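Just so it is clear, the model here is predicted, and its values are computed rather than measured. If you read the sequence from its start, that first residue is 1, and numbering goes on from there.
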Amino acid sequence: MNSAQQRIVSLEYSLVAILLFVIPFFFLPITFEFFATNKMYLLGYSSLIILILASFRLLIQKNITWERTVLDIPVILFIASVGLSTLFASNNPIQALLNPHTGLITLAALTVMYFYISRQEWEKRSINLVALLIYSASILAVFTSIVFFGLFKNAWLPESL
(Lines give C-alpha, C1' and ligand atoms only; values in the text may rest on other atoms or scores of the structure.)
Protein backbone atom coordinates (compact mmCIF):
# COMPACT_ATOMS: atom_id res chain seq x y z
CA MET A 1 0.00 0.00 0.00
CA ASN A 2 1.30 3.41 -0.87
CA SER A 3 1.07 6.46 1.37
CA ALA A 4 -2.14 7.80 -0.21
CA GLN A 5 -3.91 4.48 0.39
CA GLN A 6 -2.63 4.35 3.96
CA ARG A 7 -3.91 7.88 4.62
CA ILE A 8 -7.34 7.06 3.22
CA VAL A 9 -7.55 3.82 5.20
CA SER A 10 -6.51 5.55 8.43
CA LEU A 11 -9.06 8.30 7.72
CA GLU A 12 -11.76 5.65 7.24
CA TYR A 13 -10.82 3.91 10.50
CA SER A 14 -10.77 7.22 12.34
CA LEU A 15 -14.16 8.21 10.95
CA VAL A 16 -15.73 4.91 12.05
CA ALA A 17 -14.12 5.20 15.48
CA ILE A 18 -15.43 8.76 15.92
CA LEU A 19 -18.86 7.68 14.71
CA LEU A 20 -19.02 4.78 17.15
CA PHE A 21 -17.86 7.02 19.99
CA VAL A 22 -20.39 9.78 19.19
CA ILE A 23 -23.49 7.63 18.51
CA PRO A 24 -24.43 7.06 22.20
CA PHE A 25 -24.37 10.83 22.82
CA PHE A 26 -27.05 11.29 20.19
CA PHE A 27 -29.47 9.51 22.52
CA LEU A 28 -29.41 12.43 24.95
CA PRO A 29 -32.50 14.65 24.94
CA ILE A 30 -30.55 17.81 24.18
CA THR A 31 -31.91 18.53 20.72
CA PHE A 32 -35.38 19.58 19.61
CA GLU A 33 -36.23 16.16 18.23
CA PHE A 34 -34.14 13.56 20.02
CA PHE A 35 -35.90 10.46 18.71
CA ALA A 36 -34.66 9.87 15.19
CA THR A 37 -33.68 12.75 12.94
CA ASN A 38 -30.25 13.65 14.27
CA LYS A 39 -29.23 9.99 14.48
CA MET A 40 -30.34 9.37 10.90
CA TYR A 41 -28.42 12.35 9.58
CA LEU A 42 -25.29 11.32 11.48
CA LEU A 43 -25.54 7.79 10.14
CA GLY A 44 -26.40 8.89 6.60
CA TYR A 45 -23.66 11.47 6.24
CA SER A 46 -21.02 9.26 7.81
CA SER A 47 -22.00 6.39 5.49
CA LEU A 48 -21.79 8.76 2.54
CA ILE A 49 -18.33 9.96 3.59
CA ILE A 50 -17.16 6.36 4.06
CA LEU A 51 -18.45 5.45 0.59
CA ILE A 52 -16.63 8.45 -0.93
CA LEU A 53 -13.39 7.54 0.85
CA ALA A 54 -13.73 3.90 -0.19
CA SER A 55 -14.27 4.96 -3.81
CA PHE A 56 -11.15 7.14 -3.68
CA ARG A 57 -9.22 4.19 -2.26
CA LEU A 58 -10.62 2.01 -5.08
CA LEU A 59 -9.47 4.53 -7.69
CA ILE A 60 -5.98 4.64 -6.22
CA GLN A 61 -5.74 0.90 -5.59
CA LYS A 62 -7.26 -0.19 -8.95
CA ASN A 63 -8.16 -3.53 -7.45
CA ILE A 64 -11.59 -4.80 -6.45
CA THR A 65 -11.80 -7.53 -3.82
CA TRP A 66 -14.95 -8.95 -2.29
CA GLU A 67 -14.90 -10.99 0.88
CA ARG A 68 -18.04 -12.88 1.81
CA THR A 69 -19.27 -13.43 5.31
CA VAL A 70 -22.14 -15.53 6.62
CA LEU A 71 -24.57 -12.62 6.94
CA ASP A 72 -24.05 -11.04 3.50
CA ILE A 73 -26.88 -12.80 1.67
CA PRO A 74 -29.47 -12.33 4.47
CA VAL A 75 -28.62 -8.62 4.79
CA ILE A 76 -28.86 -8.08 1.04
CA LEU A 77 -32.14 -10.01 0.85
CA PHE A 78 -33.56 -8.04 3.78
CA ILE A 79 -32.67 -4.64 2.31
CA ALA A 80 -34.02 -5.70 -1.09
CA SER A 81 -37.30 -6.93 0.40
CA VAL A 82 -37.73 -3.74 2.43
CA GLY A 83 -37.03 -1.66 -0.68
CA LEU A 84 -39.46 -3.60 -2.83
CA SER A 85 -42.19 -3.55 -0.20
CA THR A 86 -41.70 0.19 0.22
CA LEU A 87 -42.00 0.72 -3.51
CA PHE A 88 -45.06 -1.45 -4.01
CA ALA A 89 -47.01 -0.75 -0.81
CA SER A 90 -46.88 3.05 -0.71
CA ASN A 91 -48.93 5.60 -2.59
CA ASN A 92 -45.94 7.89 -3.07
CA PRO A 93 -42.86 5.66 -3.53
CA ILE A 94 -40.30 8.48 -3.77
CA GLN A 95 -41.40 10.01 -0.49
CA ALA A 96 -41.51 6.57 1.11
CA LEU A 97 -37.96 5.82 0.01
CA LEU A 98 -36.53 9.17 1.12
CA ASN A 99 -38.36 9.52 4.43
CA PRO A 100 -35.62 9.66 7.10
CA HIS A 101 -37.78 7.95 9.74
CA THR A 102 -39.29 5.03 7.88
CA GLY A 103 -37.60 5.08 4.50
CA LEU A 104 -34.95 3.02 2.86
CA ILE A 105 -32.21 5.62 3.35
CA THR A 106 -31.69 4.68 6.99
CA LEU A 107 -31.53 0.96 6.27
CA ALA A 108 -29.19 1.56 3.34
CA ALA A 109 -26.87 3.61 5.56
CA LEU A 110 -26.94 0.88 8.20
CA THR A 111 -26.16 -1.69 5.50
CA VAL A 112 -23.19 0.35 4.28
CA MET A 113 -21.89 0.62 7.84
CA TYR A 114 -22.38 -3.12 8.39
CA PHE A 115 -20.50 -4.04 5.24
CA TYR A 116 -17.69 -1.62 6.01
CA ILE A 117 -17.24 -2.58 9.66
CA SER A 118 -17.48 -6.32 9.00
CA ARG A 119 -14.82 -6.20 6.26
CA GLN A 120 -12.16 -4.30 8.17
CA GLU A 121 -9.35 -5.90 10.12
CA TRP A 122 -9.82 -4.16 13.43
CA GLU A 123 -7.45 -6.50 15.25
CA LYS A 124 -4.50 -5.09 13.28
CA ARG A 125 -5.39 -1.53 14.27
CA SER A 126 -4.93 0.13 17.61
CA ILE A 127 -8.67 0.83 17.73
CA ASN A 128 -10.69 -1.49 19.93
CA LEU A 129 -14.34 -1.02 18.98
CA VAL A 130 -15.81 -2.64 22.07
CA ALA A 131 -13.68 -0.52 24.40
CA LEU A 132 -14.64 2.57 22.42
CA LEU A 133 -18.34 1.81 22.86
CA ILE A 134 -17.84 1.04 26.56
CA TYR A 135 -16.06 4.37 27.14
CA SER A 136 -18.72 6.40 25.37
CA ALA A 137 -21.55 4.53 27.10
CA SER A 138 -19.85 5.08 30.47
CA ILE A 139 -19.61 8.82 29.85
CA LEU A 140 -23.24 8.81 28.78
CA ALA A 141 -24.24 6.90 31.93
CA VAL A 142 -22.41 9.35 34.19
CA PHE A 143 -24.01 12.33 32.45
CA THR A 144 -27.47 10.75 32.61
CA SER A 145 -27.04 9.93 36.30
CA ILE A 146 -26.00 13.50 37.08
CA VAL A 147 -29.03 14.87 35.26
CA PHE A 148 -31.40 12.29 36.80
CA PHE A 149 -30.32 12.91 40.37
CA GLY A 150 -30.11 16.68 39.84
CA LEU A 151 -26.66 17.06 41.32
CA PHE A 152 -26.06 20.43 39.67
CA LYS A 153 -29.62 21.73 39.90
CA ASN A 154 -28.74 24.41 42.46
CA ALA A 155 -25.29 25.17 41.08
CA TRP A 156 -24.61 28.83 40.38
CA LEU A 157 -22.90 29.69 37.09
CA PRO A 158 -21.81 33.14 35.93
CA GLU A 159 -23.99 34.77 33.27
CA SER A 160 -21.09 34.80 30.82
CA LEU A 161 -21.30 31.03 30.55
Side-chain angles (χ1 to χ4, degrees), residues 1-90 92-140 143:
M1 247 200 290
N2 60 19
S3 64
Q5 286 176 335
Q6 289 175 346
R7 280 183 280 180
I8 290 175
V9 168
S10 66
L11 189 61
E12 288 173 351
Y13 278 104
S14 301
L15 180 68
V16 170
I18 290 170
L19 174 73
L20 289 178
F21 185 77
V22 168
I23 279 180
F25 297 110
F26 273 70
F27 287 93
L28 290 173
I30 57 176
T31 59
F32 178 68
E33 183 186 4
F34 56 90
F35 289 112
T37 305
N38 53 7
K39 295 173 200 60
M40 300 312 147
Y41 283 124
L42 174 72
L43 182 66
Y45 285 131
S46 59
S47 296
L48 182 66
I49 291 170
I50 285 176
L51 281 176
I52 290 170
L53 288 174
S55 64
F56 282 145
R57 184 170 36 113
L58 181 67
L59 288 174
I60 292 171
Q61 189 177 0
K62 298 177 184 166
N63 186 12
I64 297 175
T65 58
W66 182 262
E67 301 166 2
R68 289 186 57 195
T69 61
V70 177
L71 288 178
D72 285 352
I73 300 296
V75 167
I76 291 172
L77 287 176
F78 175 71
I79 196 76
S81 65
V82 168
L84 289 174
S85 68
T86 303
L87 280 174
F88 292 131
S90 66
N92 189 353
I94 300 300
Q95 181 183 7
L97 287 175
L98 298 178
N99 187 359
H101 298 290
T102 59
L104 192 64
I105 298 293
T106 304
L107 287 176
L110 284 171
T111 304
V112 166
M113 292 304 290
Y114 161 74
F115 280 119
Y116 183 77
I117 291 173
S118 67
R119 300 300 189 279
Q120 300 308 315
E121 298 169 350
W122 294 99
E123 297 83 24
K124 294 182 181 178
R125 296 284 172 173
S126 62
I127 301 171
N128 187 354
L129 295 181
V130 175
L132 192 70
L133 287 173
I134 288 172
Y135 294 145
S136 64
S138 299
I139 293 170
L140 179 68
F143 180 76

(request) Please list all pairs passing the salt bridge (Lys or Arg N to Asp or Glu O under 4.0 Å) test where one or both residues lie in residues 73-83, with sequence neighbours left out. (result) none
(message) Please enumerate all residues that pass ring pair (Phe, Tyr, Trp, His ring centres under 6.0 Å) together with F21, with sequence neighbours excluded.
(response) F25
(request) Kindly write out the residues that satisfy side-chain contact (heavy atoms from CB on, under 4.5 Å) with L11, not counting sequence neighbours, or none if the list is empty. (result) L53
(request) Name all residues meeting the side-chain contact (heavy atoms from CB on, under 4.5 Å) criterion together with A108; count only those two or more places apart in sequence or in a different chain, and write none if there are none. (result) none
(request) Kindly compute the distance separating OG (S55) from CD1 (I8), expressed to the nearest 0.5 Å. (result) 8.5 Å
(request) To the nearest 0.5 angstrom, please state how far the OH atom of Y13 sits from the CD1 atom of I50. (result) 11.5 Å
(request) Please say which of I52, L19, I105, V112 ends up in a side-chain contact (heavy atoms from CB on, under 4.5 Å) with S47. (result) V112
(request) Of all the heavy-atom pairs spanning A109 and G44, show the shortest one and how long it is. (result) CB-CA, 4.1 Å
(request) Search all heavy atoms of V22 against all heavy atoms of L42 and return the closest pair with its distance. (result) CG1-CD2, 4.3 Å
(request) Evaluate the side-chain proximity of S138 to I134: yes if any heavy-atom separation is below 4.5 Å, no if none is. (result) yes
(request) Applying side-chain hydrogen bond (donor to acceptor under 3.5 Å, both in side chains), name anything that partners N63, two or more places apart in sequence or on another chain. (result) none
Side-chain donor-acceptor distances from residues 68-85 under 3.5 Å, at least two apart:
unit_1	atom_1	unit_2	atom_2	d
T69	OG1	D72	OD1	2.8
T69	OG1	Y114	OH	3.4
D72	OD1	R119	NH1	3.4
D72	OD1	R119	NH2	3.0
D72	OD2	T69	N	2.9
D72	OD2	R119	NH2	2.5
S81	OG	L77	O	3.2
S81	OG	F78	O	2.8
S85	OG	S81	O	3.1
S85	OG	V82	O	3.0

